[in-house]
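Please read the structure below before turning to the comments.
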Amino acid sequence: MLSLSNTIHGVIQYTWPMILISVVIIVSFRVAYLIKMKEDFVLYKELIALSFIIYILCLFQVVTFQDNVNWSTNNFIPFKEIFRYNMGSRLFFKNVIGNMLMFMPYGLFISFYLKNNKPTLTIILTLIASFSIEVVQMVIGRVFDIDDIMLNLLGGYLGFLAYYLLCKLWEKIPEVLKSELVLNIVSIFILMCVIVLL
């Protein structure tokens, strides 16, 4: 797990300038839009949307980052790369667990925005995103790996399951706790926790 934590901190280290500039531009545009269109500002909804945008930017940065690693050849044989790593090794966590975790937020966010109650659409959209990433990686000098697509699909599905479980939990929460004020307070608390953890 230490390897995964180091990977997350590494991603933040080289993505923060892009994230900061993008957030300033997006937030200023969104505030101007809300004022001009005289629409209500709902903090928790804005934070969810901003989180999705930041996630997509980080995903783009991670999958297109060029480093000095000597990449192996393209892999079109399922499970070939997955079984290459020793279970529990640093490379196993980085390449196998990392590829799943990288797409869990994608499955969660798209299920939330599409109000999905079945995984089919989430899996299709995850497949489209993952396949395009692998093709682009092959074109820019990295490699195409069918195992990455399978792991990304599993991550997207796990994201859908997380959304589904959260929906079931949501149904059991008393109505008073579903108010905009409470949701705004909870979103601020979560934001502060994320900032402290990073």
Side-chain angles (χ1 to χ4, degrees), residues 1-16 18-19 22 47-67 69 71-72 74-85 87-140 142-168 190 194 197-198:
M1 280 305 191
L2 184 59
S3 174
L4 190 57
S5 174
N6 290 341
T7 301
I8 292 168
H9 284 289
V11 168
I12 291 166
Q13 184 177 356
Y14 68 82
T15 58
W16 77 262
M18 175 205 49
I19 292 171
S22 299
L47 286 176
I48 291 171
L50 188 59
S51 298
F52 186 41
I53 292 168
I54 290 170
Y55 162 74
I56 294 296
L57 290 170
C58 288
L59 182 64
F60 167 79
Q61 187 77 11
V62 168
V63 300
T64 59
F65 180 67
Q66 295 289 331
D67 53 20
V69 174
W71 299 102
S72 58
N74 296 320
N75 173 36
F76 301 102
I77 302 168
F79 302 106
K80 179 183 173 186
E81 290 295 312
I82 291 173
F83 291 134
R84 192 169 70 120
Y85 307 111
M87 183 84 70
S89 68
R90 184 183 69 78
L91 287 174
F92 178 83
F93 277 105
K94 183 176 181 182
N95 295 312
V96 176
I97 304 298
N99 268 301
M100 282 190 298
L101 292 179
M102 186 167 62
F103 265 79
M104 274 185 70
Y106 189 78
L108 178 65
F109 278 121
I110 61 177
S111 297
F112 170 77
Y113 280 110
L114 296 173
K115 306 298 180 215
N116 255 357
N117 59 0
K118 292 186 180 167
T120 310
L121 187 55
T122 300
I123 290 170
I124 290 169
L125 292 173
T126 303
L127 176 62
I128 291 169
S130 182
F131 183 77
S132 5
I133 285 169
E134 292 303 313
V135 169
V136 167
Q137 284 183 330
M138 187 169 55
V139 170
I140 65 172
R142 294 182 67 173
V143 295
F144 181 100
D145 189 350
I146 191 70
D147 288 356
D148 285 355
I149 294 175
M150 295 186 322
L151 292 167
N152 294 162
L153 283 172
L154 181 56
Y157 179 70
L158 291 173
F160 164 78
L161 286 181
Y163 166 76
Y164 184 80
L165 293 173
L166 287 170
C167 285
K168 293 297 179 190
I190 291 171
V194 169
L197 289 173
L198 297 179

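Just so it is clear, the model here is predicted, and its values are computed rather than measured.
- The heavy-atom pair separating Asn74 from Val143 by the smallest distance is OD1-CA, 3.3 Å.
- Leu59 and Met102 make their closest contact through CD1-CG, 3.4 Å (heavy atoms, listed as atom of the first residue, atom of the second, distance).
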Just list the side-chain donor-acceptor pairs under 3.5 Å for residues 158-168, sequence neighbours left out, or say none.
none

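- Heavy-atom minimum distance, Thr126 versus Gly156: OG1-CA, 3.9 Å.
- Residues passing the ring pair (Phe, Tyr, Trp, His ring centres under 6.0 Å) test with Phe103 are Tyr106, sequence neighbours excluded.
- Phe79 is linked by a ring pair (Phe, Tyr, Trp, His ring centres under 6.0 Å) to Phe83, counting only residues two or more places apart in sequence or in another chain.
- By the ring pair (Phe, Tyr, Trp, His ring centres under 6.0 Å) test, Phe52 pairs with Phe109, Tyr113, sequence neighbours left out.
- Ser111 meets the side-chain hydrogen bond (donor to acceptor under 3.5 Å, both in side chains) test with Thr122; sequence neighbours excluded.
- Minimum interatomic distance between Val63 and Arg142 (heavy atoms only, all atoms of both residues): O-NH1, 3.1 Å.
- Taking CD1 from Ile97 and CE from Met87, the interatomic distance works out to 8.0 Å, rounded to the nearest 0.5 Å.
- A cation-pi arrangement is found for Lys115 relative to Phe112, the charged atom lying closer than 6.0 Å to the ring centre and inside a 45° cone about the ring normal.
- The minimum heavy-atom distance between Phe76 and Pro78, with the atom names listed, is O-CD, 3.5 Å.
- With hydrogens and angles disregarded, no donor-acceptor distance shorter than 3.5 Å links the side chain of Gln137 to the backbone of Phe144.
- Residue pairs meeting the side-chain hydrogen bond (donor to acceptor under 3.5 Å, both in side chains) criterion with at least one member in residues 146-156, sequence neighbours excluded, are Asn99-Asp148, Asn99-Asn152, Ser130-Asn152.
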